[in-house]
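Note sheet for the following structure.
Residue numbers count from 1 along this sequence. Quick caveat: nothing in here was measured; it's all calculated off a predicted structure. The figures here come from the full heavy-atom set of this structure, side chains too, leaving out hydrogens, waters and symmetry mates.
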Amino acid sequence: MATLLRSKLSNVATSVSNKSQAKVSGMFARMGFQAATDEEAVGFAHCDDLDFEHRQGLQMDILKTEGEPCGDEGAEPPVEGDIHYQRGGGAPLPPSGSKDQNLGAGGEFGGHDKPKITAWEAGWNVTNAIQGMFVLGLPYAILHGGYLGLFLIIFAAVVCCYTGKILIACLYEENEDGEVVRVRDSYVAIANACCAPRFPTLGGRVVNVAQIIELVMTCILYVVVSGNLMYNSFPGLPVSQKSWSIIATAVLLPCAFLKNLKAVSKFSLLCTLAHFVINILVIAYCLSRARDWAWEKVKFYIDVKKFPISIGIIVFSYTSQIFLPSLEGNMQQPSEFHCMMNWTHIAACVLKGLFALVAYLTWADETKEVITDNLPGSIRAVVNIFLVAKALLSYPLPFFAAVEVLEKSLFQEGSRAFFPACYGGDGRLKSWGLTLRCALVVFTLLMAIYVPHFALLMGLTGSLTGAGLCFLLPSLFHLRLLWRKLLWHQVFFDVAIFVIGGICSVSGFVHSLEGLIEAYRTNAED
């Protein structure tokens, strides 16, 4: 006990000294001896956190030497395959996969004991994120945009690659020795740093809301596409698209009982391979009809009302920024991140452009919202069944991620929580936690029933959250955190991306909303 008491007194003195030095440094900085920025305050706070962790570690070591048990009482060991999706600024930990199977990685600060991934494995994750089943809506974007739609596929790839890089740059700062070190570990942490010191949690809340919207909309799209594909695969059956959506939701209801994704993650690779096979089958069928391609239908004019919807569709197909901080933190060689981003987005650009153009040339003005609906009946049924299976197996990942963010924000913030914790001391899910999850599943069903329009929902989501997370916020954060180090052309690019992204976001959101209202009125009249 005497040793423990001396250690505590020493640690308190060290902590007071460190804080005093930080305050004195800040005072001298404000007097002009050193450039003072908000990043310094973040650095001082991080030093305090490290000091606290160090003191806690010393206490634990002393307790161990005295033979007393250490660690949190009642704490359960982490479950392999469990996911922590940027909760409260922490790094996500999902299994690998597409946007349908979200990227897996642990944050730098919490994942030292986890195996690192190579640049090729990171590239595979990014490729899956931006080559998911939502590329099936790209030919519909070419229908309303023509060659400009193809240009937008290329432009979006370039911009998303650039904003992904600058987002990662916001994770790093120079220390006193001039070395570049990683001081943040997630999108949420970057957002909080930008709003500090006046509103230290505002940025993280905005990002969390955007994440929840995008994840829930992704779940809704899976239900919509499942109902749409089954209805068009078996048009002779007396089952409506809404009924198919209800059946799909009944299959998905057990997702409410998920505590980790270990079982589901085993299917991620199989789903991804199946998706690539489906794309190859569609392209092969289109190539077999190459003599009938309607090149004259591809023009430079655009449909002013519907083209902004196409912008949202294309942007949504490239969204991966929310996973990049944790992915980069888990790479064996983070210096290879830029190269990895280059080749993955070049590959995505080429494949998406070819797929969209070839599919549109085959069906021209008859191109539907989900391109597989244009296939002949015999092929369509087989392809659509595989797609439905992929959608249903992909649903739990964004659903569980959305639940994690909601539970962390509303139920697991200690004294700041709005509601009691969802889990009991024994780790079992409580009744209100299960009610929350079931309500979320039912909400995705209701949205899919009342707004069963895949392309319009995809455009709305891309314009609302996709543009914000991929265009607006990364450029804004880059300007805010690294303003003094940016060259003039970097400032120009950031400002241009922010302005263009803002215009596209507002325009796409308004026109997608108008399209949904018009479609709803048409359905009501019918």
Exercise. Rounded to the nearest 0.5 Å, how far apart are CG of L143 and OG of S310?
Worked result: 7.5 Å
Exercise. Got W363 and I371 here, is their nearest side-chain heavy-atom distance under 4.5 Å?
Worked result: yes
Exercise. Is it true that a side-chain atom of K242 and a backbone atom of Y450 form a donor plus acceptor pair closer than 3.5 Å?
Worked result: no
Exercise. Relative to the ring of H345, is the ring of Y318 parallel (under 30°), tilted (30 to 60°) or perpendicular (over 60°)?
Worked result: parallel
For this session: Assess whether side chain to side chain contact (heavy atoms under 4.5 Å, CB included) is satisfied between F471 and S505, documenting all intermediate values.
Result: CA-CA 9 Å; F471 292 175; S505 178; over 6 Å; no
Problem set entry | Closest heavy-atom pair and its distance - I142, G149 | CD1-C, 3.8 Å
Problem set entry | Check: E214 side chain, Q211 main-chain N or O, donor-acceptor pair, under 3.5 Å | no
For this session: May I ask you to check whether over 12 heavy atoms, not counting those of F234, lie within 6.0 Å of atom CZ?
Result: yes
For this session: Answer yes or no: are there more than 12 heavy-atom neighbours, outside F337 itself, under 6.0 Å from its atom CZ?
Result: yes
Problem set entry | Donor-acceptor under 3.5 Å (S507 side chain, I503 main chain) | no
Problem set entry | The single option from N192, L171, L473, L324 passing side chain to side chain contact (heavy atoms under 4.5 Å, CB included) against Y187 | L473
Problem set entry | Minimum-distance pair of heavy atoms, taken over all atoms of R437 and F399 | O-CZ, 3.6 Å
Exercise. Tell me, do F386 and V383 make a side-chain contact under 4.5 Å, heavy atoms counted?
Worked result: no
Exercise. Do the non-hydrogen side-chain atoms of E336 and T118 ever get within less than 4.5 Å of each other?
Worked result: no
Seminar exercise, completed: When rounded to the nearest 0.5 Å, the distance separating CG of N374 from OH of Y360 is 11.5 Å
Problem set entry | I117 and L327: CA distance, side-chain angles, deciding distance, side chain to side chain contact (heavy atoms under 4.5 Å, CB included) verdict | CA-CA 9 Å; I117 60 176; L327 187 70; 3.6 Å; yes
Problem set entry | NZ on K165 to SG on C160, rounded to 0.5 Å | 12.5 Å
Exercise. Would Q321 and T163 satisfy side chain to side chain donor-acceptor pair (under 3.5 Å), going step by step from the backbone distance to the final call?
Worked result: CA-CA 8 Å; Q321 270 69 3; T163 56; 3.0 Å; yes
Problem set entry | Shortest non-hydrogen separation from G466 to T319 and the atoms involved | CA-CG2, 3.7 Å
Problem set entry | Between K368 and N228: side-chain donor-acceptor atoms closer than 3.5 Å | no
Exercise. Which is it for L387 and L136 under the side chain to side chain contact (heavy atoms under 4.5 Å, CB included) test, yes or no, and what are the steps along the way?
Worked result: CA-CA 10 Å; L387 282 174; L136 299 176; 3.6 Å; yes
Exercise. For the atom pair OH (Y140) and CD1 (I313), what is the distance rounded to the nearest 0.5 Å?
Worked result: 7.0 Å
Exercise. Just checking, any donor-acceptor pair under 3.5 angstrom between side chains of W293 and T362?
Worked result: yes
Problem set entry | Distance-only side-chain donor-acceptor flag, T444 / Y395, under 3.5 Å | yes
Exercise. Can you tell me if S243 uses its side chain to pair, donor with acceptor, with the backbone of V239 under 3.5 Å?
Worked result: no
Exercise. So, do L138 and S317 sit near enough that their side-chain heavy atoms are less than 4.5 Å apart?
Worked result: yes
Problem set entry | Y285 OH: over 12 foreign heavy atoms closer than 6.0 Å | yes
Problem set entry | Flag side-chain contact, heavy atom, 4.5 Å: L513 against F509 | yes
Exercise. Does the S326 side chain pair with the main chain of F323, one donor and one acceptor, at a distance under 3.5 Å?
Worked result: yes
For this session: Find out whether K116 and M331 are in side-chain contact, i.e. whether some heavy atom of one side chain is under 4.5 Å from a heavy atom of the other.
Result: no
Seminar exercise, completed: Smallest heavy-atom separation, V451 atom then L516 atom, equals CG1-CD2, 3.3 Å
For this session: State whether the side chain of R380 and the backbone N or O of N232 hold a donor-acceptor pair below 3.5 Å, judged by distance alone.
Result: yes
For this session: Considering only NZ, NE, NH1 and NH2 on the basic side and carboxylate oxygens on the acidic side, decide whether D365 and K297 come within less than 4.0 Å.
Result: yes
For this session: Check whether any side-chain heavy atom of W244 lies under 4.5 Å from a side-chain heavy atom of L237, and answer yes or no.
Result: yes
Problem set entry | side chain to side chain contact (heavy atoms under 4.5 Å, CB included) partner of V225, the single match among L229, V223, L221 | L229
Problem set entry | Residue pair S226, M230: steps toward the side chain to side chain contact (heavy atoms under 4.5 Å, CB included) verdict | CA-CA 6 Å; S226 297; M230 293 303 294; 5.5 Å; no
Problem set entry | Heavy-atom pair of closest approach, residues R184 and I190 | CD-CA, 3.9 Å
Exercise. So which heavy atom on Q241 is nearest to which on Y231, and how close?
Worked result: N-CD1, 3.6 Å
Exercise. So, do P325 and L167 sit near enough that their side-chain heavy atoms are less than 4.5 Å apart?
Worked result: yes
